Amino acid sequence: MAAARISISDAIAQILSGSVLLARDFYARTATEVARDCLGKILVHGSVAGRIVEVEAYLGVNDRAAHSWRGPTNRTRVTFGPPGHAYVYFIYGMHWCLNAVTGDPGEGGAVLLRAGAPVAGEEAMRANRRRPAPPRPGDLAGGPGKLCQALAVDRSFDGCRLDEGSLRLTVGEPVPPGAVAAGPRIGVAYAGEAAAWPLRFAIGGCLHVSRPRI
DNA sequence: CGGAAGATCCACT
DNA sequence: GTGGATCTTCCGA
């Protein structure tokens, strides 16, 4: 039987339905592995969806750049729990950032979802962003704070599972290894040796990756 | 209990 | 390229 062609709207409907959710095992690996494999996945919230194009791995207790590096606190508690949950934190007095918890309980590993390209609900994303003028192409969700704002992610999702519920990560178009760019993480200059670790991953040349580009 | 810093974003020069 | 916004979190006293 020939492969069926489906319409764009059917494809979007399928994505939004979350019918190809990532299994929980997906998250039960090192943050570095999960980060790399998060590229190309679709983050869905209600009728809005974005394709993940940039991420960072945070290794946990042995990674001075990680929030969790000194052990659990009230804020980072969820990163020490089972993988596949959301770790959402508030930063600089105004932005939310979304992570996926990775690895085994007790590690404190997580993957920061840093940027996405609109897949569905682009008008809603613009409205969520509340910019006076439409942002430049690629600026709709091109940063961790922007991604959360565009997809309306906030503290209420901290600790939620990403393999079910209204906010979830689903399978998308695979990203070939040759298309992945790696570099040091953003904004972690305080982290000593860990500041230089190449744990930032992005789809090379993608317009929606945050600045500075890798 | 005070203070400093922060896994950022935006406007302005 | 620089600085301001804005407030939670965490550490040290």
Side-chain angles (χ1 to χ4, degrees), chain A residues 27 30-32 34-36 38-39 43 50 52-81 83 85-103 107-118 125-159 162 169 181-202 207-214:
Chain A
Y27 304 97
T30 68
T32 305
V34 177
R36 160 63 184 79
C38 278
L39 294 177
L43 180 65
I52 300 303
V53 299
E54 179 189 355
V55 297
E56 283 175 355
Y58 287 87
L59 307 185
V61 292
N62 294 317
D63 178 4
R64 202 172 154 189
H67 289 164
S68 51
W69 78 280
R70 280 195 267 203
T73 64
N74 190 53
R75 177 174 66 151
T76 63
R77 185 180 62 251
V78 65
T79 71
F80 291 91
H85 290 239
Y87 164 48
V88 180
Y89 66 88
F90 189 58
I91 190 66
Y92 294 117
M94 60 190 87
H95 304 295
W96 299 102
C97 293
L98 170 65
N99 295 250
V101 175
T102 64
E107 289 181 3
V111 171
L112 173 64
L113 305 182
R114 285 192 58 90
M125 291 173 74
R126 289 190 196 285
N128 289 340
R129 288 274 285 126
R130 299 171 201 278
R131 302 299 309 141
R136 66 164 177 80
D139 204 34
L140 201 48
K146 299 175 194 175
L147 178 66
C148 283
Q149 191 178 28
L151 295 207
V153 173
D154 61 21
R155 153 105 351 137
S156 66
F157 294 93
D158 189 38
L162 290 170
L169 202 56
R185 295 168 291 183
I186 299 298
V188 298
Y190 56 84
E193 187 177 290
W197 295 348
L199 297 181
R200 181 187 184 209
F201 303 97
L207 184 66
H208 297 82
V209 173
S210 70
R211 309 299 181 86
R213 297 266 166 70
I214 296 178

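Here the structure is a predicted model, which means the values were calculated and not measured. Any value given below was found using the heavy atoms of this structure, including those in side chains, with hydrogens, waters and symmetry copies removed.
- Between the CD atom of A/Glu54 and the P atom of B/dC9 there is a distance of 9 Å, given to the nearest Å.
- Each of A/Ala110 and A/Arg131 was matched to the nucleotide of DNA chain B holding its nearest heavy atom; the match closer to the 5' end belongs to A/Ala110.
- OP1 or OP2 of B/dT8 lies within a sub-4.0 Å distance of a side-chain N or O belonging to A/Arg114.
- Protein atom CG of A/Asn99 is 8 Å distant from nucleotide atom C1' of B/dA7, rounded to whole Å.
- The nearest whole Å value for the distance from the OH atom in A/Tyr92 to the C1' atom in C/dC7 is 13 Å.
- Contact record, A/Cys97 with A/Ile91: SG-CG2, 4.0 Å, taken as the closest heavy-atom pair.
- Ring planes of A/Phe90 and A/Trp96: tilted class, angle from 30 to 60°.
- The distance from atom NE2 of A/His95 to atom C1' of C/dC7 is 12 Å, rounded to the nearest whole Å.
- Remark: P of B/dA7 and CZ of A/Phe201 are 19 Å apart, rounded to the nearest angstrom.
- The residue A/Arg155 sits close only to the backbone: its heavy atoms come under 4.0 Å of sugar-phosphate atoms, none of a base.
- Of the candidate nucleotides B/dA7, B/dC10, C/dT6, B/dA7 has the atom nearest to the side chain of A/Val188.
- Contact detail for A/Asn128 and A/Ala150: the closest heavy-atom pair is ND2-O, 2.8 Å.
- Within 4.0 Å (heavy atoms only), A/Arg185 reaches no atom of the nucleic acid at all.
- Nucleic acid contact class of A/Phe90 (heavy atoms, under 4.0 Å, all strands): sugar-phosphate only.
- When rounded to the nearest whole Å, the span between CG of A/Leu113 and C1' of B/dT8 equals 16 Å.
- Taking the ring axis of A/Tyr89 as reference, the NZ or CZ atom of A/Arg155 does not stay both within 45° of it and closer than 6.0 Å to the ring centre.
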(request) Output, in order, the C-alpha distance, side-chain angles, deciding distance and verdict of side-chain contact (heavy atoms from CB on, under 4.5 Å) for A/Val88 and A/Val153. (result) CA-CA 8 Å; A/Val88 180; A/Val153 173; 4.2 Å; yes
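- In this structure, B/dA7 makes no Watson-Crick or G-U wobble pair, since no nucleotide meets both defining distances under 3.5 angstrom.
- At least one side-chain nitrogen or oxygen of A/His67 sits closer than 4.0 Å to the OP1 or OP2 atom of B/dA7.
- In this entry C/dT6 has no Watson-Crick or G-U wobble partner, no candidate having both defining distances under 3.5 Å.
- Using a 4.0 Å heavy-atom distance criterion, A/Arg129 is classed as a sugar-phosphate-only contact.
- Both stacking criteria are satisfied for A/Tyr58 over the base of B/dA7: a centre-to-centre distance under 5.5 angstrom and an angle between ring planes under 30 degrees.
- Taking atom CD1 on A/Ile91 and atom P on C/dC10, their separation rounds to 11 Å, with Å as the unit.
- Scanning atom types as modelled, no donor and acceptor separated by under 3.5 angstrom connect the side chain of A/Tyr190 and the base of B/dA5.
- When the C1' atom of C/dT8 is taken as reference, atom CH2 of A/Trp96 falls 9 Å away, rounded to whole Å.
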